[in-house]
Each structure stands twice: as C-alpha cells, then as structure tokens.
Amino acid sequence: MILKYKVSLPGIKGFARVYEVKATASLYSLHKQMRADMDFPQDQVVLFKAFAANGDVAARYSVFTDFGFGTIDNVTFGECHKRGEDKFIYFYDTTNVKSVILTLEGEAEERRNVLYPILVETKGPNPIEFENGYVAFEDLPDEKKKDPDDEDFDDFDDDEPEEEDDETEEIFGDDDDE
C-alpha cells in the first residue's frame, strides 16, 4: 500500500509538498527524504508528533528516545495509519521549534521502478525562505494583490525617461603611477 502525505506550513498557502510513501516505510525514511528535499538542518534532533482523528496528541516519535511508542527508525507509516495517526507535526529543528505539518491525503497507485518515499508535487520555496521574509502571492492580503492584467497594474512608469549617468568611471586611462 502506498500512502500519500501532504506537507504544509501553518497559515501559509504558498507552500506545499506531496510525498508518496510505502506503508512499510519507517518514519525515519521520510525524515531523511524531507531533510534532503527541503534543505532541513542535518545536525538537529527531530520529532514526529502524531495526532488521533479527534485532534488529540496520540504519540511522539523521536530518533533516540522512545516515548513509549517506538523510535522513528522502527515505526512504520502503515502502523501509524492503522492506529488512526494520520496527521503529524514534524519538528525538523526541535531546538528552534521549527516544524511542518504532514497530513494523510489518501492512498496512491504504486509506481513501478520507483524508490519510495518519493516527492510527487511541489509548491513554493523551501520553508527557510518563509523565515527569511518570503511571502507567496496567495498569502498576501487582498489589498496588496495586483493583477498584471488590470489596467492600473504598472511595473514602472514608461512616461518618464531614464536618468542618464553623468558620472562615468574611467576604466582605461593614463596612469602616471606606472
């Protein structure tokens, strides 16, 4: 069975990733793939916080610590799905409390000759770009959105001539210092 998970950022419509994962795959295998695909830090302890269907925290899975439910290298997505743990908050940087949301979207057809987990859809830049001030068009407030097909949209004013650069830098000249 192949499970399809959407990765999102809370409150940001301009970011998404969709992964297909074998039900037999460990949480660790998707962790490694997301870390590589989204440039997450290599030196951080990670945590999967699993949620039950009613929204309550059902389990926590980490690399080194077994919180009573197993570690991410020995818990599979299929086991989590059977227990109704279909939503996770994945902390890719626990020190700085940085995370993404993983939500099960359903099952997918198995692809031949593909190594899973596999990234099948992307939208927007990596999460670090949002931390650096990037704002996707769909996340802008309505009053800031401008349609390029609108008559009032203007990148620049064509009516004004460009300013001429009177100050030129002499590249070649008579150097008396030689």
Side-chain angles (χ1 to χ4, degrees), residues 1-23 25-108 116-148:
M1 174 171 34
I2 304 298
L3 300 171
K4 189 181 221 180
Y5 285 90
K6 181 178 182 179
V7 180
S8 59
L9 287 168
I12 297 179
K13 298 178 216 163
F15 168 82
R17 300 289 187 270
V18 177
Y19 285 92
E20 291 179 1
V21 182
K22 283 189 175 184
S26 70
L27 301 178
Y28 185 73
S29 66
L30 183 58
H31 149 71
K32 286 192 325 182
Q33 190 63 51
M34 288 190 305
R35 184 180 66 189
D37 292 339
M38 292 184 264
D39 298 324
F40 291 150
Q42 301 278 331
D43 61 346
Q44 294 296 314
V45 175
V46 299
L47 176 79
F48 283 84
K49 187 191 299 186
F51 292 87
N54 65 4
D56 291 342
V57 175
R60 287 179 177 83
Y61 305 103
S62 182
V63 178
F64 303 113
T65 306
D66 184 344
F67 295 108
F69 304 98
T71 55
I72 66 173
D73 58 338
N74 67 20
V75 174
T76 68
F77 281 97
E79 293 167 339
C80 292
H81 181 54
K82 284 180 187 172
R83 290 191 294 265
E85 299 169 5
D86 292 328
K87 180 179 177 181
F88 301 88
I89 294 181
Y90 167 70
F91 291 91
Y92 60 89
D93 183 345
T94 54
T95 305
N96 295 308
V97 195
K98 295 179 182 177
S99 63
V100 292
I101 301 167
L102 257 68
T103 309
L104 180 69
E105 290 199 319
E107 294 183 19
Y116 288 94
I118 182 172
L119 177 63
V120 294
E121 292 178 38
T122 63
K123 179 181 180 182
N126 287 334
I128 188 78
E129 295 303 319
F130 292 94
E131 294 172 23
N132 293 334
Y134 175 84
V135 179
F137 179 79
E138 54 264 49
D139 294 319
L140 288 172
D142 288 337
E143 63 272 5
K144 298 272 187 182
K145 293 180 182 176
K146 293 190 177 169
D147 184 356

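Quantities reported herein were computed from a predicted structural model and do not represent experimental measurements.
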Gln33/Leu119 under side-chain contact (heavy atoms from CB on, under 4.5 Å): CA gap, chis, key distance, verdict: CA-CA 8 Å; Gln33 190 63 51; Leu119 177 63; 5.7 Å; no

Nearest heavy atoms of Val100 and Pro127, plus distance in Å: CG1-CG, 4.2 Å

Step-by-step side-chain contact (heavy atoms from CB on, under 4.5 Å) determination, Val46 to Met34: CA-CA 12 Å; Val46 299; Met34 288 190 305; over 6 Å; no

For Lys87, side-chain contact (heavy atoms from CB on, under 4.5 Å) partners two or more places apart: Phe51, Ile101, Thr103

Non-neighbouring partners of Asp56 that pass side-chain contact (heavy atoms from CB on, under 4.5 Å), sequence neighbours left out: Asn54

Step-by-step side-chain contact (heavy atoms from CB on, under 4.5 Å) determination, Lys123 to Lys6: CA-CA 11 Å; Lys123 179 181 180 182; Lys6 181 178 182 179; over 6 Å; no

Enclosure of Lys32 NZ (heavy-atom neighbours >12, cutoff 6.0 Å): no

Thr94 side chain vs Val45 backbone, donor-acceptor pair below 3.5 Å: yes

Nearest-0.5 Å distance, CD1 of residue Ile2 to CD of residue Glu107: 9.5 Å

Exam field: side chain Asn74 to backbone Thr71, donor-acceptor pair closer than 3.5 Å: yes

Qualifying residue, where the test is ring pair (Phe, Tyr, Trp, His ring centres under 6.0 Å) with Phe48 and the options are Tyr61, Tyr90, Tyr92, Tyr28: Tyr90

Distance in Å, Phe88 CZ paired with Leu30 CG, rounded so as to fall on 0.5 Å steps: 9.0 Å

Main-chain N/O of Ser8 paired to Arg17 side chain as donor or acceptor, under 3.5 Å: no

Test item: Asp93 side-chain N/O and Val97 main-chain N/O as donor-acceptor pair under 3.5 Å: no

Rounded distance (nearest 0.5 Å) linking atom OG of Ser29 with atom OH of Tyr19: 11.5 Å

Side-chain (Arg60) to main-chain (Gly68) donor-acceptor, under 3.5 angstrom: no

